[in-house]
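The next block holds one structure in the form of C-alpha cells; read it before the comments.
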Number of protein chains: 2
Amino acid sequence: MSISDDSLLLKNQVCFPLYAASRILIQAYREPLEELGLTYPQYLVMLILWEKDGLTVSQIGEKLFLDSGTLTPVLKRLEANNFIKRNRSDKDERKVEIELTYPGKSLQAKATPIPEKIHSLLNQWEEGELSLFKIQVNKLIETLKH
Amino acid sequence: MSISDDSLLLKNQVCFPLYAASRILIQAYREPLEELGLTYPQYLVMLILWEKDGLTVSQIGEKLFLDSGTLTPVLKRLEANNFIKRNRSDKDERKVEIELTYPGKSLQAKATPIPEKIHSLLNQWEEGELSLFKIQVNKLIETLKH
DNA sequence: CTAAATTTAATTGTTTACAATTTAAAGCCG
DNA sequence: CGGCTTTAAATTGTAAACAATTAAATTTAG
C-alpha cells in the first residue's frame, strides 16, 4: 500500500463483514421463502404482522428501520399476492393500516420450520456463543440507530 | 401469537439484526463518502483496488461476494466518474481488468479519515469487545459462504 | 483438430434501499 | 375560523442486489 494505514484494509473493517454476512445469510432464506412466495423483506413484514396485526406503515417501518419509500412497494406486492390488505384509517386518514388476509395468516404455519432450517446452518456454533453474538449485534444497532 | 414458537419473533433471529445493523452502519458512511463522490459499494471496490490494482471483475467479486450482475454497473459508474478504467485482458479476452486512474489513486488520501470517523461512532465499545465482534462476524461469513 | 463443455462478463428483469419531493390530512395558534 | 406547521404515506429518481439468460472466448475430450 502506498499509504500506510491498515484501517483502509477490507478485513479490518466492521461494516464490510456485516454487510457481507447479512447478504449471505439472507441468501440462505431464499429457497425456503420461495416456497411461500415471499422475499426476505416481505417475510420480515409478515413476521411483524403475525406478531401484531393491524399496524400502520410507519409502525412497521420503525421496527424494520425502513421508510415508506421502501415499504410502500413491498406492501403493495404483498397485497397483490393477497397476503395483506392496506386500509386508510378511519380515525386518521393519513395512516394506512396493514391487516393480514386469511391466506396471509395461514402462511404462518408454513413458515414455522424456517428459523430451524437457518439455525441448522449454524450448527458449528455453540448455543451460548450464538446468543452472545445476537446480543452484540443488537447492541450495535442500539449504538447506531440515533 | 396464535402459534407458540418464539423463533418467529424478530428479536430472536440472527439475520434481521445483521441486516438492520449493516444498513444503519452503511448509512453512517453516506455523508463522508458523498464528499468523495462514492457510494458504499463503490467505496468497497476502491478499497480493494487501493490494496491491489489491476484485478479482474470476478476477482473483485470473490472478495465482495458479488457477481458481475451487480459489479458491472457499479464499475461502469466508477469508470464514468473517472476513478477506474475497464480493459479487456490481452491474454484472455473473457476477462476485464480494472485499473485505477490517477484521480482514482488520489482519492485514497481523501479516504483515510473515514475509518476513524466510523470507528468514533463506536466509542462506547471497548476495543477488545469490538475486535472480538469482528472475529465473530468474519467467522459467520466463513460458516456460511459455501 | 474440432465439437462440447466451461469460464467470464454483460444483459435483462424484478425487487429492494433510500434521498428528496409531493400530497393530503391533522394539529396548532392567533 | 384560517393560515402554519407537522405528520403519514406515496412518488420520483438513482443505485444496488441477484436470478436467469446470453454472448464470446477458452479449455477440454474425443
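Note that the structure is a prediction, hence the values are computed from the model and not measured. First the proteins, then the strands, lettered A, B, ... as listed; each starts at 1.
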Separation of atom CD1 in B/Ile26 from atom P in D/dA17, rounded to whole Å:
7 Å
Rounded to whole Å, CD of B/Glu31 lies from P of C/dA19 at a distance of 11 Å
Rounded to whole angstrom units, what separation is found between the CG atom of B/Asn87 and the P atom of C/dA9?
12 Å
OP1, OP2 of C/dA9 versus side-chain N and O of B/Thr56: anything below 4.0 Å?
yes
Could you tell me the separation between the CD1 atom of B/Ile84 and the C1' atom of C/dA9, rounded to a whole number of Å?
14 Å
Proximal nucleotide (of D/dT6, C/dT15, D/dC18) relative to the A/Arg94 side chain
D/dT6
Looking at B/Ser68 and C/dA10, is any side-chain donor or acceptor paired with a base atom of the opposite kind under 3.5 Å?
yes
Please state how far atom CZ in A/Arg23 lies from atom C1' in C/dA17, giving the value in whole angstrom units.
14 Å
Just N and O in the side chain of A/Lys76: are any of them under 4.0 Å from OP1 or OP2 of D/dT11?
yes
Looking at D/dA10, D/dA19, C/dA25, which one has an atom nearest to any side-chain atom of B/Asp67?
D/dA19
What is the separation between atom CG on A/Leu75 and atom P on D/dT11, rounded to the nearest whole Å?
12 Å
More than 12 heavy atoms of other residues, nucleotides or ligands under 6.0 Å from NZ of B/Lys117: is that the case?
yes
For A/Thr70, report the nucleic acid contact type (base, sugar-phosphate, nothing); a contact means any heavy atom under 4.0 Å.
base
Salt-bridge criterion met for B/Lys85 and B/Glu99 (N-O under 4.0 Å)
no
How do A/Gln59 and A/Arg30 order along DNA chain D: which one's closest nucleotide is nearer the 5' end?
A/Gln59
Would you find a donor on one side and an acceptor on the other, under 3.5 Å apart, between the side chain of B/Arg88 and the backbone of B/Val96?
no
B/Lys139/A/Glu129 ion pair, N-O < 4.0 Å
yes
Taking C/dC18, D/dA9, C/dA9 as options, the one with an atom nearest any side-chain atom of B/Val57 is C/dA9
Per atom distances to the A/Thr72 side chain, the nearest of C/dC18, C/dA10, D/dT11 is D/dT11
How close or far is atom C1' of D/dA15 from atom OH of A/Tyr19, stated in whole angstroms?
11 Å
Residue closer to the 5' end of DNA chain C, A/Asp90 versus B/Lys95 (nearest nucleotide)
B/Lys95
Give a yes or no on whether B/Asn123 atom CG has more than 12 heavy-atom contacts from other residues, nucleotides or ligands under 6.0 Å away.
yes
Using a 4.0 Å heavy-atom cut-off, does A/Arg77 contact any base of the nucleic acid, only the sugar-phosphate backbone, or nothing at all?
base
Between B/Leu121 and A/Thr143, what is the shortest heavy-atom contact and its length?
O-CG2, 3.7 Å
Phosphate-side-chain proximity, A/Gln27 and D/dC18, N/O vs OP1/OP2 below 4.0 Å:
yes
Does B/Arg86 make a side-chain N or O approach to OP1 or OP2 of C/dA10 shorter than 4.0 Å?
yes
Value in whole Å for how far the C1' atom of D/dA9 lies from CD of A/Glu62:
14 Å
Taking any heavy-atom pair under 4.0 Å as a contact, classify B/Leu71: base, sugar-phosphate, or nothing.
nothing
Using the closest heavy atom to pick a nucleotide of DNA chain D for each, name whichever of A/Ser58 or A/Glu34 lands nearer the 5' end.
A/Ser58
